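None of these values were measured; they are calculated from a predicted model.
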Amino acid sequence: MKILFIRGGALGDFIVTLPTLRLLRQRWPEAHIEVLGHPRISEIALHRTYLNGVRSVNHGPLSAFFMPRAVLDPGWMDYIGSFDLVLSYFYDPDGLFLVNLQRCKPGRILTHSPRVPEEFGRPAALHFAGMLEPLGLALADDVASDLFPSPEDVAAGRAFLTGLKSGTRLVAIHPGSGGNAKNWPMNSWAELGRRLSSAAGNLALLLVEGEADAEPAQFMVEAWKDLPHLRARWLPLPILAALLRETSLYLGHDSGITHLAAASRRDLPVIALFGPTDPAIWAPPRTNVHVLKGAPALDDLTVDEVFQTAQSVLEACR
């Protein structure tokens with residue numbers, strides 16, 4: 001059985017479709033499953049339970065698949081036609097991509113909207129798993145995502161912490177996201193870090209920085225220059241996930257990194273700050289994920305509220 005899973009989007013979009021991949025892997029344990037998507041993101045699942053291969057969607061000849069009556073690349077046609085099942089989440093309002101997939105003659109094609117309706121009101125994973133209903137597959141009670149780092153990932157994550165004093169509790173903070181409207185003010189993150197650090201003598205901060213987080217990350221480096229902290233800058237996602245497994249608490253926004261943290265370890269306490277987006281849909285669906293929502297805006301969430309929640313969580317998991 002060969003399955004092609006076509007998935008674009010950002011990190012969080014990919015992570016909330018992991019339960020769909022889990023259903024496929026449970027149904028066909030020996031299947032060869034590939035993703036057509038973004039290799040840097042898909043790497044978190046490659047040879048780590050879910051995927052056997054990844055192919056980049058950013059390949060020039062593939063653009064013809066979105067054109068009417070296009071001359072399709074023979075190599076791409078042979079590749080897609082070699083699969084028994086093709087599952088696509090590509091945005092395809094005119095149906096052109098589907099028509100061109102059909103021209104490749106794979107065994108079966110299923111498509112599903114990549115957009116979760118605003119009124120959905122349930123975890124996004126349930127929307128994406130709806131793709132598999134024609135196959136008789138559905139998510140039951142467990143709709144959370146899980147990551148399975150390799151031994152090499154785990155070793156690299158632990159090596160990052162070499163030199164950290166034994167017994168130190170590490171609190172990870174990611175002050176960025178995919179959009180400014182979803183971000184808590186940088187001053188608030190800076191103050192929170194200082195208060196957490198002063199409240200516990202055996203605590204160090206882990207500043208998580210993605211490629212789009214240069215401004216808030218540099219702000220935190222300056223604000224925390226006299227505090228014990230580490231900076232995880234642009235780490236490969238599998239290693240970052242393994243590193244987050246080693247922390248005592250993670251705090252972040254509605255972001256892909258927050259989903260990565262929640263999926264990295266089932267019992268990792270996560271505090272997710274939400275602004276305009278709906279946490280019923282986009283918060284990681286785990287009991288150890290604590291959602292704090294600013295009303296009416298994320299700026300209205302006070303440092304006191306976040307600090308008290310963090311303190312309570314840290315006390316509970318001592």
Treating [X] as the side-chain partner and [Y] as the backbone partner, does any N or O pair qualify as donor plus acceptor under 3.5 Å?
X: His38; Y: Val57; answer: no
X: Asp78; Y: Gly75; answer: no
X: Glu305; Y: Thr302; answer: yes
X: Ser312; Y: Gln308; answer: yes
X: Trp184; Y: Leu301; answer: yes
X: Arg25; Y: Thr49; answer: yes

>> Does the plane of the ring in His59 sit parallel, tilted or perpendicular to the ring in Trp76? Use 30° and 60° as the thresholds.
In response: tilted

> Do the rings of Phe128 and Trp282 sit parallel, tilted or perpendicular, given the 30° and 60° boundaries?
Replying inline: tilted

Could you verify whether a donor N or O on one side chain and an acceptor N or O on the other, from [X] and [Y], lie under 3.5 Å apart?
X: Ser188; Y: Glu191; result: no
X: His47; Y: Asn52; result: no
X: Asp254; Y: Thr277; result: yes

Can you name the side chain to side chain contact (heavy atoms under 4.5 Å, CB included) partners of [X], sequence neighbours left out?
X: Ala212; result: none
X: Gln102; result: Leu98, Val99, Ile109
X: Pro117; result: Glu119, Phe120, His127
X: Glu211; result: Arg40, Trp234

Salt bridge (Lys or Arg N to Asp or Glu O under 4.0 Å) partners of [range], not counting sequence neighbours, each pair once:
range: residues 133-143; result: Asp142-Arg266
range: residues 220-229; result: Arg194-Asp226
range: residues 281-293; result: Asp146-Arg286
range: residues 91-114; result: none

Side chain to side chain, [X] and [Y], heavy atoms closer than 4.5 Å:
X: Leu298; Y: Asn183; answer: no
X: Asp304; Y: Arg195; answer: yes
X: Ser197; Y: Trp224; answer: no

> Does the distance from a Lys or Arg side-chain N to an Asp or Glu carboxylate O, for Arg48 and Asp153, drop under 4.0 Å?
Replying inline: yes

> Considering residues, nucleotides and ligands other than Asn180, do more than 12 of their heavy atoms fall under 6.0 Å from its CG?
Replying inline: no

Please tabulate, for the side chains in residues 241-251, all donor-acceptor contacts under 3.5 angstrom to protein atoms that are two or more places apart in sequence or on a different chain.
from   : atom 1 : to     : atom 2 : distance (Å)
Arg245 : NH1    : Ser264 : O      : 3.1
Glu246 : OE2    : Arg158 : NE     : 3.2
Thr247 : OG1    : Leu244 : O      : 2.7
Tyr250 : OH     : Thr258 : N      : 3.3
Tyr250 : OH     : Thr258 : OG1    : 2.9

>> List the residues meeting salt bridge (Lys or Arg N to Asp or Glu O under 4.0 Å) with Glu118, not counting sequence neighbours, and say none if there are none.
In response: none

> Is it the case that one hydrophobic cluster holds both Ile80 and Ile33, taking links as side-chain heavy atoms less than 4.5 Å apart, direct or via other members?
Replying inline: no

> Which pairs count as ring-ring contact (aromatic ring centres under 6.0 Å, His included) when at least one residue sits in residues 134-165, sequence neighbours excluded?
Replying inline: Tyr50-Phe148

>> Run the ring pair (Phe, Tyr, Trp, His ring centres under 6.0 Å) test on His253 and Trp189 for me, step by step, so that the C-alpha distance in whole Å, both residues' side-chain angles and the decisive distance to 0.1 Å come before the verdict.
In response: CA-CA 11 Å; His253 301 119; Trp189 280 119; 5.3 Å; yes

Check: residues 2-12 side-chain donor-acceptor pairs under 3.5 Å, at least two apart:
from : atom 1 : to    : atom 2 : distance (Å)
Lys2 : NZ     : Ser82 : OG     : 3.1
Arg7 : NH2    : Asp13 : O      : 3.0

Closest approach of [X] to [Y] (non-hydrogen atoms, all atoms of both residues):
X: Ala199; Y: Gln311; answer: CB-NE2, 3.8 Å
X: Lys182; Y: Ser177; answer: CB-OG, 3.6 Å
X: Val71; Y: Ala64; answer: O-CB, 3.9 Å

> Checking side chain to side chain contact (heavy atoms under 4.5 Å, CB included) against Leu87, which of Leu36, Leu24, Thr111, Thr20 comes through?
Replying inline: Leu24

> Would a line drawn from the ring center of Tyr91 to the ring center of Phe97 be shorter than 6.0 Å?
Replying inline: no

